[in-house]
Amino acid sequence: MSKPSVAELRPVVHPPGVKDRRSGEHWAGRLYMREISLRWTRHLVTTRVTPNQLTYLMVLAGLAAGAALLVPGLPGALLGALLIQLYLLLDCVDGEVARWRAQTSITGVYLDRVGHYLAEAALLVGFGVRAADVFAQEEAAPNWLWAFLGTVAALGAILIKAETDLVDVARTRGGLAAVRDEAAIPRSSGLALARRAAAALKFHRLVGGVEASLLILFVAVLDLIGGDLFFTRLGVVLLAAVAVVQTLLHLVSILASSRLR
């Protein structure tokens, strides 16, 4: 079987609603990764690799990124950031292969969602363990408070995703159709304004895999200059705070909107 060209792939694997879905497509996907993934997909669609196998590899890449952060210093942070880029690439490729082969499935969607939960949580837990100085390079013994805060950030990141996914669960069990984008706007004008302000600032994205990995890399560079873990620990506090605040705000936003009606 001959490999399709990028021009042949594009209208099939990037139909309307994929790259232009502002609420679903990651900015890195729109900016560069969807173009990179097309070059990988054209080679993979003629192989025996299945979309679900690619999703499993995506999960492994995400988990490996969290584990990579246990490597002290800049090398661990850099490796973690690169593995998250691989995670994002595989997240694009699995769906593209599925669409080209007409192999999209409920199982694939489920595995993809579980994969996001596991991978992004692993990254934040790994960040917390990194800040705890698990190998006692900076202090006499690990300080597990930082690992706890990293776990709080991970739990918040999971809950934020779960709050969104559970809207579909609640609507399905209630016999309602899928929610429309306009239903996400809070009924209160004050809450609607606050939601627009939060969306403009985009601080909630800091607990996402790509953004968190870049922040981790940035603070690792600062720590390299400073010679200790001050900025890494500051980053853990920041992400834990963002995760807790965003979890609460997101829940209020859902309850105040028409998504459950």
Side-chain angles (χ1 to χ4, degrees), residues 1-68 77-120 122-123 157 161 164-165 168 177-182 184 199 202 205 207-217:
M1 182 185 299
S2 61
K3 296 175 185 176
S5 67
V6 169
E8 291 171 326
L9 276 174
R10 194 185 303 278
V12 177
V13 304
H14 292 171
V18 173
K19 290 183 69 173
D20 56 352
R21 48 178 182 168
R22 294 291 171 181
S23 61
E25 179 70 353
H26 194 276
W27 61 265
R30 292 193 299 271
L31 185 62
Y32 63 89
M33 192 56 79
R34 284 292 180 184
E35 293 304 312
I36 296 173
S37 65
L38 280 174
R39 276 70 184 175
W40 282 54
T41 298
R42 69 180 296 265
H43 294 289
L44 288 168
V45 292
T46 57
T47 69
R48 300 180 67 177
V49 177
T50 68
N52 286 350
Q53 288 172 342
L54 292 168
T55 303
Y56 288 130
L57 288 175
M58 177 197 80
V59 177
L60 287 176
L63 295 176
L78 180 58
L79 180 58
L82 291 174
L83 284 167
I84 285 296
Q85 291 298 311
L86 177 60
Y87 157 82
L88 179 61
L89 173 63
L90 290 167
D91 187 31
C92 294
V93 168
D94 62 356
E96 291 171 0
V97 171
R99 284 188 286 274
W100 179 261
R101 296 179 183 170
Q103 290 179 338
T104 54
S105 66
I106 298 299
T107 300
V109 173
Y110 179 80
L111 289 174
D112 186 75
R113 296 305 300 168
V114 170
H116 289 308
Y117 280 47
L118 291 175
E120 298 190 11
L123 183 73
K161 291 181 180 298
T164 299
D165 291 342
D168 291 333
V179 68
R180 295 175 298 177
D181 289 342
E182 55 267 27
K202 302 186 187 305
R205 287 188 172 179
V207 293
V210 174
E211 291 83 355
S213 70
L214 295 176
L215 174 65
I216 292 167
L217 180 59

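Side-chain contact between Val93 and Met58 is absent, with no heavy atoms from C-beta onward closer than 4.5 Å. In this structure, Pro4 and Thr46 have side chains that are in contact, with non-hydrogen atoms separated by less than 4.5 Å. Within the 4.5 Å cutoff, the side chain of Leu214 has no heavy atoms near those of the Glu211 side chain. In this structure the side chain of Leu118 reaches within 4.5 angstrom of the side chain of Val114, judged on heavy atoms. Between Val97 and Val49, the closest side-chain pair of non-hydrogen atoms is not below 4.5 Å. The shortest distance between side-chain heavy atoms of Leu89 and Met33 falls below 4.5 Å.
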Exercise. Tell me, with the steps shown, if Ile84 and Leu88 meet side-chain contact (heavy atoms from CB on, under 4.5 Å).
Key: CA-CA 6 Å; Ile84 285 296; Leu88 179 61; 5.6 Å; no
Quiz prompt | side-chain contact (heavy atoms from CB on, under 4.5 Å) between Leu38 and His14, intermediate numbers included | solution = CA-CA 9 Å; Leu38 280 174; His14 292 171; 3.6 Å; yes
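Within a 6.0 Å radius of OH in Tyr32, more than 12 heavy atoms belonging to other residues, nucleotides or ligands are found.
Remark: Leu9 CG to Trp100 CH2 distance equals 5.0 Å, nearest 0.5 Å. Expressed to the nearest 0.5 Å, how far CG of Leu31 lies from CD1 of Ile36 amounts to 9.5 Å. Considering CG of Leu90 and CG of Leu44, their distance stands at 9.0 Å, rounded to 0.5 Å. To the nearest 0.5 Å, atoms OH (Tyr56) and OG1 (Thr50) are separated by 8.0 Å. Here Leu111 contributes atom CG and Ser105 contributes atom OG; the two are 7.5 Å apart, rounded to the nearest 0.5 Å.
For the residue pair His43/Lys3, the side-chain donor-acceptor check at 3.5 Å is satisfied. A donor-acceptor contact under 3.5 angstrom links the side chains of Glu96 and Ser37, judged on distance only. Judged by distance alone, the side chains of Thr55 and Asp94 do bring a donor and an acceptor atom under 3.5 Å apart.
Minimum heavy-atom separation, Ser213 to Ala81: CB-CA, 3.9 Å. Val13 and Arg99 make their closest contact through O-NE, 2.8 Å (heavy atoms, listed as atom of the first residue, atom of the second, distance). In plain terms, the two heavy atoms of Tyr87 and His116 that are nearest each other are OH-ND1, 2.6 Å. Closest of all the heavy-atom pairs between Asn52 and Gly108 is OD1-CA, 3.4 Å. Nearest heavy-atom pair across Arg34 and Cys92 is NH1-O, 3.5 Å. When all heavy atoms of Gly209 and Leu123 are compared, the closest pair comes out as O-CD2, 3.4 Å.
Classification of Arg42 and Glu8 as a salt-bridged pair fails, no side-chain N sitting under 4.0 Å from a carboxylate O. The residues Glu35 and Arg10 are annotated as salt-bridged, a charged nitrogen and a carboxylate oxygen being separated by less than 4.0 angstrom.
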